[in-house]
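Numbers here simply count residues along the sequence, with the first being 1.
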Amino acid sequence: MTTLSRRDLGLLALRVGTGAVLVAHGAQKLFGCFGGGGIEGTTQAMEAMGFSPARESAIAAGLAEAGGGALLALGLATPAAGAAAAGAMAGAVAVHYPAGFFAMQGGYEYPAFLGFTSAAIGLAGAGRYSLDHATGHVLDRPWVVVTAFVGAALAAAAVVSRRADALAGAGAGSEDGAGSEDGDETGASGTDSAARSGEPGE
């Protein structure tokens, strides 16, 4: 077995494994599969976590995970798929950040790992055993890589910033001495809501 074929097999295994996890989480959000909340439950969770508009945020997160995961597994439009999944995970990291790093404490370890893995696959390419390779890398050009990752980074930054502003506004409207307690409760309820909606990191 040549070094090249080992690399391509490794990329195939990584793509399929990562893609399957993302599709499962996306299916929880979109369809209520695997104990997920579906669109309605995810919308409520998104609202509780400070994302606005909540329903559109729920749909976008579900599509990024399910669609991005499926494309990663197939190795089709890999840069766009990896960027979309990484962008969705950035939002999940923002939710879990107040709880620290480790997943066992409700932290952002798991979504960060999924995000970095998805981004790495998108940057490295899908390898020989992929639809990108079969189609002559039409959707895997250098300009696609740049456009996809810049677009995903800008979109994620806008979503996270808007959520932070919404939470800050809610805290500012609280009574004196209650602001910090509300912030703590928001972080805790956000983690709980993420688990109910199928957000990575539960």
Minimal non-hydrogen separation, A88 against A64, with atom names: CB-CB, 3.8 Å
message: Quick check: closest heavy atoms across V160 and A90, and the distance to 0.1 Å?
response: CG2-O, 4.1 Å
task: Kindly compute the distance separating NE2 (H96) from CD (E109), expressed to the nearest 0.5 Å.
output: 11.5 Å
query: Would you call V144 and L139 a side-chain contact if the rule is heavy atoms closer than 4.5 Å?
result: no
field: Shortest non-hydrogen separation from I39 to A58 and the atoms involved
entry: O-CB, 4.4 Å
- prompt: Any link between L71 and V23 through a network of hydrophobic side chains (Ile, Leu, Val, Met, Phe, Trp, Tyr) touching at under 4.5 Å?
  reply: no
- request: Identify, with sequence neighbours excluded, every residue that meets side-chain contact (heavy atoms from CB on, under 4.5 Å) alongside A66.
  value: L30
query: Would you say F102 and V93 are hydrophobically clustered, going by side-chain heavy atoms of ILVMFWY under 4.5 Å?
result: yes
message: Using a 3.5 Å distance criterion without hydrogens, assess whether the side chain of R128 forms a donor-acceptor pair with backbone atoms of H133.
response: no
query: Is V146 linked to L123 within one hydrophobic cluster, defined over Ile, Leu, Val, Met, Phe, Trp and Tyr using a side-chain heavy-atom separation of less than 4.5 Å?
result: no
field: Parallel, tilted or perpendicular: ring planes of Y108 versus Y97, cut at 30 and 60 degrees
entry: parallel
- prompt: Looking at OG1 of T117 and CE of M89, how far apart are the two atoms once the value is rounded to the nearest 0.5 Å?
  reply: 11.0 Å
field: Cluster link L154 to F149, ILVMFWY, side chain under 4.5 Å
entry: no
- prompt: Is L72 close to S118 at the side-chain level, that is, under 4.5 Å between some pair of heavy atoms?
  reply: yes
query: Can you tell me how far the OG1 atom of T43 sits from the CD1 atom of I59, to the nearest 0.5 Å?
result: 6.5 Å
query: How long is the span from the CG atom in L14 to the CD1 atom in I121, to the nearest 0.5 Å?
result: 4.0 Å
Spacing of CG belonging to L11 relative to OH belonging to Y129, to within rounding of 0.5 Å: 10.5 Å
statement: Looking only at heavy atoms, the pair that brings A152 and A83 closest together is CB-O, 3.4 Å
field: Closest approach of G125 to D140 (non-hydrogen atoms, all atoms of both residues)
entry: CA-OD2, 4.4 Å
task: Taking all non-hydrogen atoms of both residues into account, name the closest pair between T78 and A126 and its distance.
output: OG1-CB, 3.3 Å
- line: Here the gap from L12 atom CG to S5 atom OG, rounded to the nearest 0.5 Å, amounts to 12.0 Å
- prompt: Is L22 reachable from Y110 through a run of hydrophobic residues whose side-chain heavy atoms are each under 4.5 Å from the next?
  reply: yes
query: Between the main-chain N or O of R15 and the side-chain N or O of T18, is there a donor-acceptor pair closer than 3.5 Å?
result: no
task: Find out whether E47 and Q44 are in side-chain contact, i.e. whether some heavy atom of one side chain is under 4.5 Å from a heavy atom of the other.
output: no
